[in-house]
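What follows is one structure encoded as structure tokens, with my remarks underneath.
If you're wondering where the values come from, they're calculated on a predicted model, not measured in any experiment. Atoms considered below: every heavy atom in the structure, side chains included; atoms not considered: hydrogens, waters and symmetry mates. Every chain is numbered from 1 and lettered A, B, ... according to where its sequence line falls, protein lines coming before strand lines.
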Amino acid sequence: MPELPDVEYYRIYLTATALHKTIARVEVRAPRILEGVTERRLRSVLAGRAFQSARRHGKYVFAAIEGGEGGWLVMHFGMTGRLSYFKDIGDDPKHDRFLIGFENGYFLAFVNQRKFGHVALAMSPEAFAEAKGLGPDALSIGREEFAVRLGERRGGAKATLMNQKVLAGIGNIYADEILFRAGVHPKTPVNTLDEETLGTLHAVMGDVLHTAIAAKRRCEDFPGSYLLPHRHEGGVCPLDGTPLETITISGRRTYFCPTHQSDERE
DNA sequence: GGGTTAAACAAAGC
DNA sequence: TTGTTTAACCC
């Protein structure tokens with residue numbers, strides 16, 4: 001579930017709550033989520049330091065560690081996850097897998113019910129993205145580069161949008177939303193899209209992501225014309241009431257409107 | 001061989 | 001329920 005807009009919200013949340021506060025303790029409650037780092041190492045890197053700033057690339061949040069050797073804490077939320085800043089350790093959220101305690105007595109928890117998330121360390125967001133082979137962030141990529149990167153692919157539109165190596169940040173939900181608003185069938189091979197459609201797709205992607213980030217901060221308040229609120233069993237197209245169709249793409253449930261997203265392969 | 005896709009996997013709640 | 005990894009597939 002946490003795709004770019006959700007993760008951007010976590011970045012903002014971390015920035016608002018956890019910067020410039022000296023870290024007093026670190027506790028890993030589910031070692032499984034650690035990726036290439038031990039609890040002992042995390043402690044030695046974080047204890048006595050503070051986070052300086054936070055960034056995001058795709059579905060990853062990075063928190064800069066000031067002082068010491070520097071470096072960045074990296075978090076990925078998997079299917080289910082969020083951050084929670086709270087005061088009383090007795091009020092710790094369910095499924096908190098990684099806890100950072102500050103000297104002011106507050107805690108920042110990495111909440112991850114299904115433990116599909118990851119916590120890691122990196123030299124920089126750039127180095128991490130490079131090592132992972134991530135494409136440019138979906139919110140920063142320009143129209144030109146977007147068109148070039150998609151143009152050289154031959155996969156379906158949805159699969160390509162979700163491919164983190166092509167561009168980073170789009171998942172199942174927002175891929176459906178973007179294609180719906182752009183009127184593109186999810187299986188359309190991207191290398192058959194003309195320049196104009198690619199431009200539309202890029203513009204729509206930016207609109208959808210910005211709208212979603214704003215909606216996250218206003219408690220799931222999405223425009224009625226969006227596919228998202230109708231993306232369920234028996235849902236209908238918000239534009240004309242056509243029953244939405246569902247297909248499976250790469251094992252993912254895909255919702256689309258058969259009248260507004262024509263199949264260009266035919 | 002490289003790009004693409006389907007299948008397998010991770011964990012927990014219902 | 002979904003993102004990532006792995007295996008199998010296709011020019």
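- Between the side chains of A:T197 and A:D194, at least one donor-acceptor pair of N or O atoms lies under 3.5 Å.
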Tell me, with the steps shown, if A:R29 and A:E39 meet salt bridge (charged side-chain N to carboxylate O under 4.0 Å, His left out). CA-CA 10 Å; A:R29 296 185 166 179; A:E39 180 172 12; over 6 Å; no
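- Through direct or indirect side-chain contacts shorter than 4.5 Å among Ile, Leu, Val, Met, Phe, Trp and Tyr, A:I89 is connected to A:F86, A:L99, A:F107.
- In this structure, A:K115 atom NZ and C:dT2 atom C1' are separated by 18 Å, rounded to whole Å.
- Contacts of A:G171 with the nucleic acid, taken as non-hydrogen atoms under 4.0 Å apart, involve only primed sugar atoms and P, OP1 or OP2.
- For the 3.5 Å distance criterion, the side chains of A:K158 and A:N172 qualify, holding a donor opposite an acceptor.
- For DNA chain B, the span of nucleotides reached by chain A at under 4.0 Å from its heavy atoms goes, 5' to 3', from B:dG3 to B:dG13.
- Using a 4.0 Å heavy-atom criterion, one finds that A:R153 contacts the sugar-phosphate atoms exclusively.
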Which parts of nucleotides 4-11 of chain C does protein reach within less than 4.0 Å, heavy atoms only, written one letter per nucleotide 5' to 3' as B for base, S for sugar-phosphate only and - for none? BS------
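- A:Y226 is linked by a ring-ring contact (aromatic ring centres under 6.0 Å, His included) to nothing, counting only residues two or more places apart in sequence or in another chain.
- By the salt bridge (charged side-chain N to carboxylate O under 4.0 Å, His left out) test, A:R41 pairs with A:E69, sequence neighbours left out.
- Listed by chain and residue number, A:E8 satisfy the salt bridge (charged side-chain N to carboxylate O under 4.0 Å, His left out) test with A:R11 (two or more places apart in sequence, or in another chain).
- Salt-bridge check for A:E233 with A:R253: passed, with a basic side-chain N closer than 4.0 Å to an acidic carboxylate O.
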